[in-house]
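Here the structure is a predicted model, which is why all the values come from computation and not from measurement. Numbers for residues simply follow the sequence, beginning at 1. No hydrogens, no waters, no symmetry mates; every other heavy atom, side chains included, goes into these values.
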Amino acid sequence: MNQEIAYLHPVKTARALVLVYLCFSVPIVAMGLFVAFVRYGDLPGIAVFTALILNALIGFGLLWLGCKAYNWVAARFGGIEVHVRELTPEDRQ
């Protein structure tokens with residue numbers, strides 16, 4: 001069965017994707033903090049955490065705009081088509 005994604009809720013989609021993005025960026029920032037501590041003997045401090053927060057806020061805003069753009073395009077030209085099928089109990093294992 002083919003179905004089309006006709007609308008993405010901008011706030012909910014942006015919130016979910018920013019949280020996923022932060023799951024990947026926090027470990028990278030933690031490794032950067034570790035390297036900075038080993039190399040220089042101290043932590044960079046508030047700058048790294050401010051960068052994480054700004055990264056999340058800017059990412060949220062850009063994802064929100066992206067969802068708005070997708071909704072505009074989907075309303076005029078059609079959305080992303082996906083193929084959906086029912087799973088049997090054997091498929092779920």
Side-chain angles (χ1 to χ4, degrees):
M1 157 179 22
N2 288 342
Q3 294 183 340
E4 182 178 278
I5 300 172
Y7 178 80
L8 295 173
H9 192 285
V11 174
K12 290 181 180 181
T13 305
R15 181 183 58 211
L17 291 177
V18 162
L19 291 173
V20 169
Y21 177 69
L22 283 175
C23 289
F24 290 103
S25 61
V26 167
I28 293 169
V29 169
M31 286 189 303
L33 286 171
F34 178 73
V35 169
F37 180 72
V38 169
R39 188 169 189 181
Y40 301 113
D42 61 345
L43 295 175
I46 193 82
V48 173
F49 298 106
T50 303
L52 264 179
I53 291 169
L54 284 174
N55 202 3
L57 291 175
I58 292 170
F60 181 87
L62 291 175
L63 287 166
W64 181 83
L65 282 173
C67 288
K68 288 289 195 176
Y70 175 83
N71 291 336
W72 182 82
V73 169
R76 282 153 186 78
F77 305 105
I80 297 172
E81 189 174 311
V82 295
H83 179 77
V84 180
R85 67 181 173 101
E86 284 290 323
L87 292 177
T88 62
E90 293 83 30
D91 292 334
R92 293 182 186 164
Q93 294 177 358

Contact summary for [X] and [Y], nearest pair of heavy atoms:
X	Y	value
A74	A6	CB-O, 3.8 Å
P27	F24	CD-O, 3.5 Å
P10	C67	CA-CB, 3.6 Å

Practice prompt. Would you list the pairs meeting side chain to side chain donor-acceptor pair (under 3.5 Å) in which at least one residue belongs to residues 21-33, sequence neighbours left out?
Written response: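 Qualifying pairs, neighbours excluded: Y21-N55.
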Fill in: Pair listing, side chain to side chain donor-acceptor pair (under 3.5 Å) test, anchored in residues 61-83, at least two apart
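Checked against side chain to side chain donor-acceptor pair (under 3.5 Å) - neighbours excluded - the pairs reaching residues 61-83 are N2-E81, N2-H83.
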Give the cluster check for [X] versus [Y]: same hydrophobic cluster or not, with ILVMFWY residues linked at side-chain heavy-atom distances below 4.5 Å.
X	Y	result
L19	I53	no
V11	I5	no
L22	L17	yes
V18	V29	yes
F60	L65	yes

Fill in: V26 side chain reached by L52 side chain, heavy atoms, under 4.5 Å
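With C-beta onward as the side chain, the pair touches.
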Worksheet entry | Hydrophobic cluster (4.5 angstrom, side-chain heavy atoms) - remaining members for L54 |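 L54 shares its hydrophobic cluster with no other residue.
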Practice prompt. May I ask you to list the residues sharing a hydrophobic cluster with M31, side-chain cutoff 4.5 Å, ordered by chain and number?
Written response: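 Traced through the cluster, M31 reaches I28.
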Worksheet entry | Partners meeting side-chain contact (heavy atoms from CB on, under 4.5 Å) with A16 (sequence neighbours left out) |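 Applying side-chain contact (heavy atoms from CB on, under 4.5 Å) to A16 gives none.
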Discussion item. For V35, give me all partners under side-chain contact (heavy atoms from CB on, under 4.5 Å), at least two apart in sequence or on another chain.
Written reply: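 For V35 there are no side-chain contact (heavy atoms from CB on, under 4.5 Å) partners, ignoring immediate neighbours.
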Worksheet item: If you draw a 6.0 Å radius around OH in Y7, do more than 12 non-hydrogen atoms from other residues or ligands fall strictly inside?
Response: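 Counting neighbours around OH of Y7, more than 12 heavy atoms of other residues, nucleotides or ligands fall under 6.0 Å, so yes.
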